[in-house]
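This report refers to the structure that appears directly beneath it.
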Amino acid sequence: MSNIKPAIPKGTRDFSPSEMVKRNYIFDTIKSVFKKFGYQEIQTPTMENLSTLTGKYGDEGDKLIFKILNSGDYLGKVTSDKLLDLDSNGLTSQISEKALRYDLTVPFARYVVMHQNDISFPFKRFQIQPVWRADRPQKGRYREFYQCDADVVGSESLLNEAEFILIYDEALKSLGLTDFTIKINNRKILSGIAEIIGKPELIVDLTVAIDKLDKIGLDGVCKELIERGFSEVDIDILKPVILLEGSNTEKLDKLKQVLGSSEIALKGISEIETIFNYLAHFKKLNGICELDITLARGLNYYTGAIFEVKTNEVAMGSIGGGGRYDDLTGVFGLKNLTGVGISFGADRIYDVLLELNLFPQNTEETTRVLISNFDSQAELFALPILQQLREAGIATELYPSNAKLKKQMSYANDKKIPFVILIGSDEMAKNVVTLKNMESGEQTRIPIQDLAKQF
RNA sequence: GUAGAUGUAGCUCAGCUGGUUAGAGCAUCGGUUUGUGGUACCGAGGGUCGUGGGUUCGAGCCCCAUCAUUUACCCCA
């Protein structure tokens, strides 16, 4: 048998014990904030029907869905023209009917429609599960990563939007981040801009181009706009909007002037104002949220507010995003149900916290006490002690063989176990144990009945 | 999909304009210490130099191909 090289697919990772401690710290922190705001947890399957996912994420997104090959003789039913024509797209639908989930929002929409009779609206759910994207991996980008989503469906109140900003703020601050920006925009404003130019059909091109402002600058954006079908005249109208500056209120006032003739834009502006007004009433939260008209976000289904969170302390893509989608459940047959939600990118947050050294030091969860195993007699003598400590709620283990003491001590040291109990013939005769503090090196003899009190 | 970078020990890497037997640190194991880790000292094991071809008296180093990893673009968390 040939040796196969141990490897994992690119863009995936193993998580070792010390990493899991840190990851769980992030999940637990976010989860507790979600719960505090009244969200309940659900989970959905790793696989969805391919038809559930396709068409929801745009053309680019569809390409990045991991498809699962049908079981059995998957070529048996393929019509030969698809094979002979080398028609990959046509072939895919015939040999794959399942796919790995691409995000948590679309499966959630599917969930809501399937369980609509059991749900009382507004329904606030959170979900922390991995998602998969067939992207080229790079810094901060993985093919398997966790999202932490909170969504509410069945409520059009903009209070939800305001609360999501509070959730972002509280969760990220709890994780120790201090300098981050929560950006907000509204898809309706973007639609209004496209409308005023008279090219509503180019809204996607418009948003994709102006989204790159901070990356390629104004000249780059103008160049891209022209490539995407806009004229010099259009750009003259766009410029003041793209280069909007000042406080949120100043920006809003300016937008009202420029976009005043567009009903939809005014609606979007008014929504933002309402959200800011809610935020103002949550005191202490002045200016945590910044209106950014260049914020576009790729996903097709957003219709109202759009959020994005970036840290300013580390070069990293966005660590969270979200928005309102008015009709996500419509394609599954449930009309007129609006939703809004946000997502935390746990893996990117992990990378950020690691780089900033923000993980708490004492998150090492390990054994408290190791009982050494000197010989078979001591091993049996140790068993009731082992049980006694565990019953007292102390994480305790007995070294499973009578290896050299040096080896056993190294084991305790490597595993950062703070206490070691030594039991030899002398201790057994006197019904005591020797307790060693691994940090100070100090050793004391303790009567067995007093042992549990020591920890 | 487009472009660049890098593949040498379990890990991180060094290896000169091509020249004897390819090195270091860390990790592992053993010893100094048969009842003591973390520190110190001594020692050991571990390498088809990614793979295949070519140039050369001679290739880890040069050339070509191929695979893998990685960074950036597109797009995204």
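Numbered from 1 within each chain, the chains take letters A, B, ... in sequence-line order. Since this is a predicted model, take the numbers as computed values, not measurements. Only this structure's heavy atoms are used, side chains among them; waters, hydrogens and symmetry mates stay out.
Using atom P as the reference point in both B/G58 and B/G53, the two lie 16 Å apart (nearest Å). Between the C1' atoms of B/A65 and B/G19, the separation comes to 27 Å (whole Å). Separation of the P atoms belonging to B/C67 and B/G31 is 49 Å when rounded to the nearest angstrom. Taking atom C1' in both B/G25 and B/U21, the straight-line distance is 22 Å, to the nearest Å. The P atoms of B/G38 and B/U33 are separated by 15 Å, rounded to the nearest whole Å. Straight-line distance between the P atoms of B/A27 and B/A40: roughly 9 Å, to the nearest whole Å.
Nearest approach of A/S372 to A/I423, heavy atoms of both residues: OG-N, 3.6 Å.
Counting non-hydrogen atoms under 4.0 angstrom, A/V208 reaches the backbone sugars and phosphates but no base. Residue A/Y142 is classed as a base contact, given a heavy-atom separation below 4.0 Å to a base. A/L422 comes within contact range of at least one nucleobase, with a heavy-atom separation under 4.0 Å. Backbone-only contact: A/S410 has heavy atoms under 4.0 Å from sugar-phosphate atoms and none from a base. Note on A/G317: nothing from the nucleic acid sits closer than 4.0 angstrom, heavy atoms only. Here A/Q443 lies in heavy-atom contact (under 4.0 Å) with a base. In this structure, A/E144 reaches neither bases nor backbone, as no heavy-atom distance under 4.0 Å exists between it and the strands shown. Within 4.0 Å of A/R445, counting heavy atoms only, lies no atom of the nucleic acid at all. Residue A/K212 is in sugar-phosphate contact alone, with no base atom involved, counting any heavy-atom pair closer than 4.0 Å across all strands shown. Base contact: A/G140 has a heavy atom under 4.0 Å from a base atom.
Ring-centre distance between A/Y102 and A/F66: not below the 6.0 Å cut-off.
Not a single donor-acceptor contact under 3.5 angstrom links the side-chain atoms of A/N413 to the base of B/G38.
Each of A/L405 and A/G11 was assigned the nucleotide of RNA chain B with the nearest heavy atom; the assignment lying further toward the 5' end belongs to A/L405.
Checking B/C16 for Watson-Crick or G-U wobble geometry (two distances, each under 3.5 Å) identifies no partner in any strand.
Crowding of A/M47 atom CE: a count of heavy atoms from other residues, nucleotides or ligands under 6.0 Å not exceeding 12.
Taking 4.0 angstrom as the limit, A/K10 places a side-chain polar atom (N or O) nearer than this to OP1 or OP2 of B/U69. Taking only side-chain nitrogens and oxygens, A/Q138 never comes nearer than 4.0 Å to OP1 or OP2 of B/U70. Note on A/K404: a side-chain N or O is less than 4.0 Å away from OP1 or OP2 of B/G31. Within the structure, a side-chain polar atom (N or O) of A/K407 is placed less than 4.0 Å from OP1 or OP2 of B/C29. Listed pair A/K406 / B/G30 fails the phosphate criterion, with no side-chain N or O lying under 4.0 Å from OP1 or OP2.
No aromatic stack links A/F374 and the base of B/G35, using centre distance under 5.5 Å and interplanar angle under 30°.
No hydrogens or angles considered: nothing links the side chains of A/R390 and A/Q388 as a donor-acceptor pair under 3.5 Å. Side-chain contact, A/D62 with A/T54: no donor N or O sits under 3.5 Å from an acceptor N or O.
Here A/L370 contributes atom CG and A/N413 contributes atom CG; the two are 11.5 Å apart, rounded to the nearest 0.5 Å.
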